[in-house]
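A short write-up of the structure that comes next.
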Amino acid sequence: SAKARRSQEVIWYDSEMRLQDNDYKAIEGELRRAVAEGGEFEMHYQPIVSSRKPSKTVKFEALARWKNPSLGRVSPDKFIHVAETSGLIIPLGWMLLDLVCQDVKRLSCARVSINISPAQLMMPGFAKEFAERVAARGISPSQVEVEVTEQVVILDDITIATELSMLRDHGFSLALDDFGTGYSSIGYLTRMQFDVLKIDRSFSPSTHKDKHGARMLQSMVGLAHAMGLEIIAEGIETEEDVDILCSIGVDYLQGYFLGRPEPIFPSPGNPSILNETQP
Ligand code: C2E
Ligand code: MG
Ligand code: MG
Ligand code: MG
């Protein structure tokens with residue numbers, strides 16, 4: 001009967017919820033141990049290229065990877081979320097920053113962008129410690145860009161705003177990530193000084209198929225340029241994406257079509273892209 005089916009659905013739903021809850025608990029437990037012990041995290045790097053010359057990589061975005069002996073590879077969307085809600089993002093964030101700094105040092109003169117969670121920026125003194133850690137590794141702030149999502153715009157928190165502007169005072173450039181997915185207030189964009197706007201991959205032409213897509217992109221690019229911001233388009237998966245976004249006037253491109261996130265330096269069982277022999 002309909003009623004029995006419905007109760008089945010309820011039970012199914014409930015067990016799925018509990019599974020998700022267990023999932024969270026398992027991730028949190030393992031994450032806590034991994035953050036304390038270190039060694040399970042690695043950074044991958046995805047090229048960001050000039051739209052005028054796609055063979056030219058201007059910087060790399062650092063993306064965290066976690067491989068756990070019992071959970072396997074956990075996606076950053078999952079473990080960063082758990083880290084944020086459990087407070088583990090603070091020690092984890094410092095650990096990831098150190099990994100990036102080590103890699104930047106060995107790359108010499110590379111530029112890199114790094115993702116920072118709102119929970120990190122809510123910590124008074126974050127910008128100062130960030131700058132100190134980067135300096136301790138012998139890296140110039142001009143080599144490092146900080147990416148924050150629209151979540152910081154939504155929170156509109158005074159500590160976040162202060163820490164962000166202090167990062168900028170220290171010489172780090174600021175990028176607003178995943179632009180267009182939340183509700184960005186243009187007012188906030190003018191109050192907070194960003195250097196770069198990253199248009200979310202849901203706007204890339206191959207994904208965003210309706211006829212308003214191109215016009216929406218065009219106006220975002222117009223707005224950003226009028227405000228003196230550089231624009232990176234994310235999620236470039238096809239040559240058509242490249243052509244359309246270049247014609248619209250986007251400055252930089254990032255996506256699987258141009259390069260996947262990869263470990264830049266060789267580690268056991270993880271061959272480096274630099275090791276691949278060029279034909
Ligand atoms: P994000 O900062 O917006 O990073 C871009 C995401 O899009 C990455 O997913 C990247 O692998 C993926 N991507 C790049 N090109 C393409 C493409 O052409 N098509 C598709 N479908 N996807 C593409 P990833 O590495 O799974 O990271 C997911 C999110 O997790 C990041 O989104 C970021 O918000 C967060 N995250 C990753 N690493 C860190 C970190 O070190 N710290 C913090 N706080 N957050 C991080
Ligand atoms: Mg990002
Ligand atoms: Mg993004
Ligand atoms: Mg994202």
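Order of listing sets the numbers, starting from 1, for every ligand and every atom in it.
At a threshold of 4.0 Å, the pair Asp178-Lys198 does not count as salt-bridged, since none of the basic side-chain nitrogens sits closer than that to a carboxylate oxygen.
In summary, an N, O or S atom of Asp177 is located under 2.8 Å from the Mg ion (ligand 2). Distance check for Asp200 against the Mg ion (ligand 3): none of its N/O/S atoms falls below 2.8 Å. Look at Thr149 and the Mg ion (ligand 2): no N/O/S atom of the residue is under 2.8 Å from the metal. Distance check for Asp178 against the Mg ion (ligand 2): none of its N/O/S atoms falls below 2.8 Å.
Interface of Leu96 with ligand 1, defined as ligand atoms under 4.0 Å from a residue heavy atom, comprises 41 (O). Annotation for ligand 1: atoms under 4.0 Å from non-hydrogen atoms of Asp177 are 1 (P), 2 (O), 3 (O). Those atoms of ligand 1 with a heavy atom of Glu234 less than 4.0 angstrom away are 3 (O), 5 (C). Under a 4.0 Å criterion applied to the non-hydrogen atoms of Met43, ligand 1 contributes the atoms 41 (O). Close approach of ligand 1 to Pro261 is summarised as follows: ligand atoms under 4.0 Å from at least one heavy atom of the residue are 11 (O). For ligand 1, the atoms lying closer than 4.0 Å to a non-hydrogen atom of Gly235 are 17 (C), 18 (O). The distance from ligand 1 to the heavy atoms of Ser117 drops below 4.0 Å at these ligand atoms: 44 (N). For ligand 1, the atoms lying closer than 4.0 Å to a non-hydrogen atom of Gln46 are 14 (C), 15 (N).
Under 4.0 Å from ligand 1, not a single heavy atom of Thr149 appears. No part of Arg260 comes within 4.0 Å of ligand 1, judged by heavy-atom distances. The part of Ile80 lying near ligand 1 is the side chain, judged by heavy-atom distances below 4.0 Å.
The backbone N or O of Glu147 sits nowhere less than 3.5 Å from a side-chain atom of Asp177 that would complete a donor-acceptor pair. Using modelled atom types, no side-chain atom of Glu163 and backbone atom of Leu121 make a donor-acceptor pair closer than 3.5 Å. Side chain of His170 to backbone of Met166: a donor-acceptor contact under 3.5 angstrom is found. A donor-acceptor pair under 3.5 Å is absent between the side-chain atoms of Asp251 and the main chain of Glu230, judged by distance alone.
Contact annotation: the side chain of Gln254 never approaches that of Val49 to less than 4.5 Å [non-hydrogen atoms, C-beta and beyond]. Considering only heavy atoms from C-beta on, Ile27 stays 4.5 Å or farther from Tyr24 through its side chain.
Ligand 1 lies within reach of Arg65, whose nearest heavy atom is under 4.0 Å from it.
At least one N or O atom of Asp178 sits closer than 3.5 Å to an N or O atom of ligand 1.
In Glu61, the N, O or S atom that comes nearest to the Mg ion (ligand 2) is OE2. Take the N/O/S atoms of Glu147: the one nearest the Mg ion (ligand 2) is OE1. Sorting the N, O or S atoms of Glu234 by how far they are from the Mg ion (ligand 3) puts OE2 first.
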Margin query: Between Asp200 and Ser202, does the side-chain hydrogen bond (donor to acceptor under 3.5 Å, both in side chains) criterion hold? Intermediate values first, please.
Written below: CA-CA 5 Å; Asp200 189 71; Ser202 56; 2.8 Å; yes

Next item on the list: Give the C-alpha distance, both sets of side-chain angles, the deciding distance and a yes or no for salt bridge (Lys or Arg N to Asp or Glu O under 4.0 Å) between Lys67 and Glu42.
Entry: CA-CA 8 Å; Lys67 195 173 172 210; Glu42 179 181 52; over 6 Å; no

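Remark: aromatic rings of Phe203 and Phe179 are distant, center separation not under 6.0 Å.
Taken from CG in Asn68 to CZ in Phe79, the straight-line distance is 11.0 Å, to the nearest 0.5 Å.
Between Arg168 and Gln193, the side chains place a donor N or O and an acceptor N or O closer than 3.5 Å (distance only, hydrogens not considered).
Across every non-hydrogen atom of Ala26 and Leu71, the tightest pair is O-CD1, 4.1 Å.
Across the listed options Asn115, Ile236, Val148, Asn115 owns the non-hydrogen atom lying nearest to atom 46 (C) of ligand 1. The closest non-hydrogen atom to atom 12 (C) of ligand 1, taken over Arg201, Lys198, Glu84, comes from Arg201.
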